[in-house]
Amino acid sequence: MTGIQLRNVTFGYRKKDKLLDNINLNIESGSFIGITGINGSGKTTFAFLLNGLVPQEIPGYYSGNTCVEGVDTRSKPVSYFSSKVGLVFQNPDQMIFNLTVFEEVAFGLRNLDKQSVIDRVKNSLQSVGLKGFENRDPQTLSFGQKQKLCMACILAVDPQYIVLDEVTSMLDYKSTVQLYDILVSLHKKGKTVIIIEHDTDWLAKYANRVIILHGGKIRFYGTPKQVFSNKKTLSDLGIKIPADL
Amino acid sequence: MKRSYLIFQIFILFGLSAYVLYNRNVFTAAVMSLLLAALSLINKNHIVYYRRLKYIFGVSIFVVLFQVVFNRTVPMDIRLANGLLTSFKLFSISFLVLWFTSNISFSQLVESLNFLKPDLRLLIIMSLSLIPLIFKELEMIQTIQKSRAVKFNFFSVHKIIPALLVPLLHRIFQQAQNLSLAIISRGYE
């Protein structure tokens, strides 16, 4: 079975406060999905569901099933799902801790032989435009470069699903365009891209499915055209209507 | 720089630090401080040394005054000697650490720890790599609080501590939590 399936997933730190409420969704392999919603709507928690961080590392009241390629995220450790679902965090400083760019990218490749690690690191750095940065201290990179480095870290592992949690929220326009170019090329190679984004213009342009989360529930799901045609409701929910539909 | 030379330097640092800490003689402590100050002149970064150590001068004077004013159970000459000894020790240790950190980069320091188990090495790398981030955050919080009209001087310590420490601790714990989630999500068990 391919794709990610969520069946009646409910999660909250306390039983009464539900961060995610009865989520039912089928994420097909190879799709480009955009998720948006106001602050506190459950977007990041949703992202943490997809590789098993919720409920394994972030405990709370969890019910339902999340299956990645048919495997329940509770049945195996997070390390098992990390090779299938790559998660890029909003702030790259939260991911980067190694001394060189090479070591940072190679961190997730501990089980491979030395030559494979070198090849994968080089390829992933090249695909994000950081070729030649191998020996640089990651802390000396610009914010945009750090974000690309985080992308390279995930790409080196070669997961089928790439989940990005508001990665463009602190990037300038040029860096955002570059990042989306990378995502589009990955999507063309057959990867599943799931991006959490506040700027709906990007979602309208690139995503082939859009999810609107509100109060932990999926309020809308469909193509950008279908979803963003509900202008009145979306405005009431505090969602920006994209300029070009 | 060779690893053996690095380890040699670490041993020298620990050896001299141990000597400074266990020394009970004011005269030798003063000689040690002066010797280290003279040695720092050889280093081309000695201006940076003095810029960083200016705070230590203030703290040293405070330590001497504290001993003289509050330690009234012993005679005045011993109070003064105790204050001076502590100040010289503080000064020497600060000099040694500055000397060491200005000659060895962070990556070289970690490289010298290769003999440790991978898990322990990772733990040390993560802890050490968080230190510059903490200072960066502290600087940022200081700027933010200054823009909110918090004055940073000696007489407003009671206001500075919550204004700096509360947001700093919050950010550090948040950062640590997010870092651990990021590492787990990258397949580390």
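Numbered from 1 within each chain, the chains take letters A, B, ... in sequence-line order. Treat the numbers as computed from the prediction; the structure is a model and nothing was measured.
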[X] atom [atom1], over 12 foreign heavy atoms within 6.0 Å:
X       : atom1 : answer
Y180(A) : OH    : yes
N135(A) : CG    : no
F66(B)  : CZ    : no

Nearest atoms (heavy-atom pairs only) where [X] meets [Y]:
X       : Y       : value
L181(B) : L53(A)  : CD2-CD2, 3.8 Å
I183(B) : F107(A) : CG2-CZ, 3.8 Å
F89(A)  : S185(B) : CE1-OG, 3.7 Å
I154(A) : R186(B) : CD1-CG, 4.5 Å
G187(B) : S79(A)  : O-CB, 3.4 Å

Q. Can you check whether S180(B)'s main-chain N or O pairs, donor with acceptor, with E57(A)'s side chain at less than 3.5 Å?
A. no

Spacing of [atom1] belonging to [X] relative to [atom2] belonging to [Y], to within rounding of 0.5 Å:
X       : Y       : atom1 : atom2 : result
M95(A)  : N178(B) : CE    : CG    : 11.5 Å
I184(B) : L87(A)  : CD1   : CG    : 12.0 Å
D93(A)  : R171(B) : CG    : CZ    : 11.5 Å

If one checks every heavy atom of F48(A) against chain B at 4.5 Å, the contacting part turns out to be side chain

